[in-house]
Amino acid sequence: QQQVKQSPQSLIVQKGGISIINCAYENTAFDYFPWYQQFPGKGPALLIAIRPDVSEKKEGRFTISFNKSAKQFSLHIMDSQPGDSATYFCAANPLYGGSQGNLIFGKGTKLSVKP
Amino acid sequence: ETGVTQSPTHLIKTRGQQVTLRCSSQSGHNTVSWYQQALGQGPQFIFQYYREEENGRGNFPPRFSGLQFPNYSSELNVNALELDDSALYLCASSSDNYGYTFGSGTRLTVV
C-alpha cells in the first residue's frame, strides 16, 4: 500500500525560528507533492506544492526541499510566527491507476510557535 | 470567487442509520473528491467524481456512495452507520486534478 510517512508528530518552535517537517514516500509513481495547513475546525488549505522534476520551491517564508533519489521531501518555515501554529500535512498525488486526485496524506505535524 | 461549502457542519446519527452530506464545489471546478479525517489523523480518500461519474475510489466499503450533479455539486451517502464512521468528512474540488480546495467539513458523530 502506498504510504507517506511524516515526522515529527509535534513540534514546538520559538517565534522567529525555523520549523522543519519531513516526509518520505514509498512509491515512485507520484507526480505532485503538496503541503496543507489545517487550523482547528477548518479544512486543510493548500500551502505550497512541488513536482518531482524540481529540487526546491520557495514561496515567501515557506520552502519545500525535494530529494527524488531518497524519496523524501520537507517543509521549512522560516521566521516562524505564532499565527503559523496549526497542523501541517504533507501529501502525494499518484500518477496512474485511476487514482488521480487521490491525495495520500501523512499523519500530520502539530506545530506550536511560542511567542 | 466562492470556495467549497459543505453542509451540515455538524451531525449526530444513531448506529445503523443513513446519512447524506452535501458539497458545493468552488466556481469553475469540475472534479470533486471526498475524504474522511479521523481525529488526529490525515484525511483518507473515499472517492472522486468527474463529470458525474465515479473516477477513483479508496479503500471504503460500498455503503459509502456518492453522486455528482450537473452543476458539479456532490453528495456523500453512508448507509448502515457504524461507530467508526464518526469523523470529519471533507469535500475538495479542483479544475485540474492537482490544486484541490477543501471545504471546512462536516463533523459526523455516530452514537
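Values in this document were obtained by computation on a predicted structure and should not be read as measured data.
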Could you state whether Y25(A) and L75(A) fall into the same hydrophobic cluster, counting links through intermediate Ile, Leu, Val, Met, Phe, Trp or Tyr residues with side-chain heavy atoms under 4.5 angstrom apart? yes
Cluster check I20(A), L47(A): I/L/V/M/F/W/Y, side chain < 4.5 angstrom: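 No, no single cluster joins them.
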Hey, mind stepping through L88(B) and Q38(A) against side chain to side chain contact (heavy atoms under 4.5 Å, CB included) and telling me if it holds? CA-CA 13 Å; L88(B) 181 67; Q38(A) 186 175 29; 4.1 Å; yes
So which residue, C91(B), G42(B), A92(B), ends up with the most heavy-atom pairs under 4.5 Å with chain A?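 The residue among C91(B), G42(B), A92(B) with the greatest pair count is G42(B).
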Hey, are the side chains of F45(B) and F105(A) touching, using non-hydrogen atoms and a 4.5 Å cut-off? no
Please tell me if the side chains of P34(A) and Y100(B) come closer than 4.5 Å, counting only heavy atoms from C-beta onward.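 No, side chains not in contact.
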Neighbour count >12 (heavy atoms, 6.0 Å) for atom [atom1], [X]:
X	atom1	value
Y72(B)	OH	no
R15(B)	CZ	no
K13(B)	NZ	yes
L83(B)	CG	yes

Quick check: does any side chain N or O of Y35(B) sit under 3.5 Å from a backbone N or O of N102(A), one acting as donor and the other as acceptor?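 No, Y35(B) side chain to N102(A) backbone: no donor-acceptor pair under 3.5 Å.
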Sort Y36(A) into side chain, backbone, both or neither according to what part of it lies under 4.5 angstrom from a heavy atom of chain B.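 Answer is side chain: those atoms of Y36(A) sit under 4.5 Å from chain B.
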Below 4.5 Å from any heavy atom of chain A, which atoms of Q37(B) appear? Answer side chain, backbone, both or neither.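 The side chain, not the backbone.
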Between P44(A) and L90(B), the two heavy atoms sitting closest are CD-CD1, 3.7 Å
